[in-house]
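One structure below.
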Amino acid sequence: MAYKKKEIFEKAIDVIQKHKLFFIEDIVSFLPCGKTKFYDFFKVDSNEMNELKEKLEKNRVELKVSMRSKWYKSNSPALQMALMKLIATPEELKKLSMQYQEMEGNLNLKNNIDTSKLSDDTLDDLIAALKNNEK
């Protein structure tokens with residue numbers, strides 16, 4: 001079956017708005033053509049694909065704003081905590097976290113530490129802590 005690019009594009013725009021879609025794969029499932037034909041018509045960096053992505057992103061943003069508004073108005077502690085984690089400063093997140101621990105006092109390095117698995121920031125912190133303990 002022959003598909004016309006313009007008709008497929010218009011149908012794609014329509015289903016994004018009608019069904020409040022968020023992902024490219026969802027668009028394809030509503031179209032009369034397959035995934036291969038869809039990507040043949042709309043290359044990754046084409047103007048049409050960028051317009052489709054903008055419409056999908058608009059739907060995502062609208063939903064996120066709506067959800068955060070509901071969380072703000074909710075009496076549910078779980079929803080309020082989720083919102084707080086989204087908007088909190090790093091210092092506030094540390095206070096909320098059940099995992100956060102500050103390193104204080106002497107470091108006991110009798111056990112070998114596999115430093116290959118540590119991030120650069122963690123290694124820098126560890127070196128700084130060792131230097132402070134030497135003073």
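Computed from a predicted model, the values in this text were never measured in an experiment. No hydrogens, no waters, no symmetry mates; every other heavy atom, side chains included, goes into these values.
In this structure, the side chains of Ile24 and Phe42 stay at 4.5 Å or more apart for every pair of heavy atoms. Residues Met49 and Tyr39 have side chains in contact (heavy-atom distance under 4.5 Å, counting atoms from C-beta outward). By the 4.5 Å heavy-atom criterion applied to side chains, Gln80 and Trp71 are not counted as neighbours. Using a 4.5 Å heavy-atom cutoff, the side chains of Met67 and Leu79 are not in contact. The shortest side-chain heavy-atom distance between Ile8 and Pro32 falls under the 4.5 Å cut-off. Within the 4.5 Å cutoff, the side chain of Leu96 has heavy atoms near those of the Met84 side chain.
Salt-bridge check for Glu62 with Lys58: passed, with a basic side-chain N closer than 4.0 Å to an acidic carboxylate O. In summary, Glu48 and Lys5 engage in a salt bridge, as defined by a charged side-chain N under 4.0 Å from a carboxylate O. Salt-bridge formation is detected for the pair Glu57/Arg60: a Lys NZ or Arg NE/NH1/NH2 atom is positioned less than 4.0 Å from an Asp or Glu carboxylate oxygen.
Note that CG of Leu31 and CZ of Phe9 are 11.5 Å apart. Values are rounded to the nearest 0.5 Å. Separating the NZ atom in Lys64 from the CG atom in Leu86 is a distance of 9.5 Å, to the nearest 0.5 Å. Between Lys11 atom NZ and Ile16 atom CD1 the span is 12.0 Å, to the nearest 0.5 Å. With rounding to the nearest 0.5 angstrom, the CG atom of Leu126 is 12.5 Å from the CG atom of Asp121. Rounded to the nearest 0.5 Å, atoms CG (Asn59) and CZ (Phe22) are 6.0 Å apart.
Under a hydrophobic clustering in which Ile, Leu, Val, Met, Phe, Trp and Tyr are joined whenever their side-chain heavy atoms come within less than 4.5 Å, directly or via other members, Phe23 and Val61 fall into different clusters. In terms of hydrophobic clustering, with Ile, Leu, Val, Met, Phe, Trp and Tyr side chains grouped at heavy-atom distances under 4.5 Å, Tyr72 and Val65 are assigned to different clusters.
When only modelled atom types and interatomic distance are considered, Ser66 and Ser69 share no side-chain donor-acceptor pair under 3.5 Å.
Under a 3.5 Å cut-off, the side chain of Asp26 and the backbone N or O of Leu21 do not form any donor-acceptor pair. When atom types are taken as modelled, the side chain of Glu92 and the backbone of Thr89 share a donor-acceptor pair closer than 3.5 angstrom.
Note that Lys37 lies in the cation-pi zone of Phe41, set by a 6.0 Å cut-off to the ring centre and a 45° limit from the axis.
The two atoms that bring Lys53 and Val44 nearest to each other are NZ-O, 3.7 Å, heavy atoms only.
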